[in-house]
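Data first, discussion second: the structure below is written as C-alpha cells.
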Number of protein chains: 2
Amino acid sequence: MGRGDLEGTVSPSGRDELARKFVEWRSLVLDASRCPVRDVLDRVGDKWTTLIVMALAGGPQRFGALTRAAPDISKRMLTQTLRNLERDGLVARTVYPTKPPSVDYRLTALGGAMLEPLAALIRWAEQSHPAIVAARRRFDEGPAEESAA
Amino acid sequence: MGRGDLEGTVSPSGRDELARKFVEWRSLVLDASRCPVRDVLDRVGDKWTTLIVMALAGGPQRFGALTRAAPDISKRMLTQTLRNLERDGLVARTVYPTKPPSVDYRLTALGGAMLEPLAALIRWAEQSHPAIVAARRRFDEGPAEESAA
DNA sequence: CAGCATCCAGTATGATACTG
DNA sequence: CAGTATCATACTGGATGCTG
C-alpha cells in the first residue's frame, strides 16, 4: 500500500511519543470524558491565560500592571483568568491591606514550570507563522484540486 | 522588599525567555491586534485540534478512523477542524476516487513540527495534573485567607 | 464513506456601572 | 486600586437530515 507511507522528513521522535500518548489518552477520554490533558489544555486554550502567564514570567505584577500589559483585556476577563490560575495553583495572589488596596500576582513553582513548554510552543508558532499564512492564502485562493492518481 | 522577591525554585531559563518574548509580543498585539502567536495558539486552544493532531501523529488516517479515534467528536466538528488544519497547511488531505470515496489525512512537515512542542506541553500537563487537582480542591474548600503580614 | 446545511443551546467574552 | 454585578452578544459546538 503505497498510499500509507509516512514521509521521512518529519521528526519521528515527537511523533512516536505523541502516538503512544494518544492511545493512553483516548482511553482516559472514554473513561472519564475529562482527561488530565484536556483539562489542562483547555486552560491554555482560552483567550487570555497564556498572555497573563507570559506577563507574569518577568516577575510579580499588580492587577493594574496586568491591565496595562494587555490593554485589550477587560477587568472582568482579567479577574476571571487570574482566579482560574489561582484556583489551579499556578498563580499566587497576595493582598496588601494598604489604602487603597494593592494586590499582586506571581507565578508559583507549579506555574513557573509551565513556562518552558509554553515557550516551546510559542517558538514553534512564531517560526511557523509565515508558512501558515502562506498556506492560508494558497487555500483561500486556489480551488484546491488535489486527488490521488 | 520581601514582597518583590522571586522564588528561586522556578526554572529561570524559560522565565527569561518568556518575559522577553512577551515584550515583543505585546507590541505586536498593540500594532496588529492579531499577533502571530495568538493567531496560532487560538487553534491549539480549540477543542479538537490537538486531539486530531495527536491522532494523526501515528500516521495517515481516514475520516472514519478519526471519528472512531475521538468518539465524542461530531462529524461537523471533525470536518471543520480538519479544514482549518488543512487551510493552515498542517494537514494534507488526499481524496481517492474509489467508490464509495475514501479520504485520508496526514500531517505535513509543518504539522509534524508541531508535535514536539505539543508533546512538551502535554508532558507538563500530565505531570502537573495531580498538583492542579489538589490546588483546586484546596481553593474550593478553604475560604482562602491569604494576605501579607 | 465523507461531507455539507440548518437549526439550536450553552458558553465565552465584552461593555457598563457600581463598591470597598 | 481592585474588583463585583448585570446585561447583551457572538461564537462554539452538538444534533439532525440530506447528498454524491
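Residue numbering restarts at 1 for every chain, and letters A, B, ... go by the order of the sequence lines. All values reported here derive from a predicted model rather than from experimental measurement.
- In this structure, the side-chain contact (heavy atoms from CB on, under 4.5 Å) partners of A/A135, at least two apart in sequence or on a different chain, are A/R138.
- Of all heavy-atom pairs between A/V91 and A/L56, the closest is CG2-CD1, 3.7 Å.
- A/D104 is not listed as a side-chain neighbour of A/V95, based on a closest heavy-atom distance of 4.5 Å or more.
- Residue-environment remark: CZ (B/R83) exceeds the threshold of 12 foreign heavy atoms within 6.0 Å.
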Side chain to side chain contact (heavy atoms under 4.5 Å, CB included) evaluation trace for A/T79 with A/R76: CA-CA 5 Å; A/T79 301; A/R76 178 168 137 64; over 6 Å; no

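- In this structure B/W48 satisfies the side chain to side chain donor-acceptor pair (under 3.5 Å) test with no other residue, sequence neighbours excluded.
- In this structure, the separation between CG on A/L115 and CE on A/M54 is 9.0 Å, given to the nearest 0.5 Å.
- Atom-to-atom, CG of B/L78 to P of C/dC1 comes out at 14 Å; the value is rounded to the nearest Å.
- For the helix from C/dC1-D/dG20 to C/dG20-D/dC1, the end axes, each set by the C1' atoms of five terminal pairs, are bent relative to each other by 40° (nearest 10°).
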Determine whether B/T50 and B/I122 satisfy the following criterion, side chain to side chain contact (heavy atoms under 4.5 Å, CB included), listing intermediate values before the conclusion. CA-CA 10 Å; B/T50 55; B/I122 288 175; 5.8 Å; no

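- Between B/R83 and C/dC4 there is a side-chain N or O to OP1 or OP2 distance below 4.0 Å.
- Counting heavy atoms from C-beta on, the side chains of A/V103 and A/R93 come closer than 4.5 Å.
- With sequence neighbours left out, A/Q127 forms a side-chain contact (heavy atoms from CB on, under 4.5 Å) with A/R123.
- Boundaries of the chain A contact region on DNA chain D are D/dC1 to D/dT6, first to last in 5' to 3' order (nucleotide atom under 4.0 Å from a heavy atom).
- Considering every non-hydrogen atom in both A/P71 and A/A69, the closest pair reads CD-O, 3.4 Å.
- Residues passing the side chain to side chain donor-acceptor pair (under 3.5 Å) test with B/T81: none are found, sequence neighbours excluded.
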Set out, line by line, the N/O atom pairs under 3.5 Å between protein and nucleotides 17-20 of chain C.
none

Can you pull every protein N or O that's under 3.5 Å from an N or O on nucleotides 12-15 of chain C?
unit_1, atom_1, unit_2, atom_2, d
C/dT13, OP1, A/K47, N, 3.2
C/dT13, O4, A/R76, NH2, 3.0
C/dG14, OP1, A/K47, NZ, 3.0
C/dG14, OP2, A/W48, NE1, 3.2
C/dG14, N7, A/R76, NE, 3.2
C/dG14, O6, A/R76, NE, 2.9
C/dG14, O6, A/R76, NH2, 3.4

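- Residues passing the side-chain contact (heavy atoms from CB on, under 4.5 Å) test with B/R87 are A/R136, A/F139, A/D140, sequence neighbours excluded.
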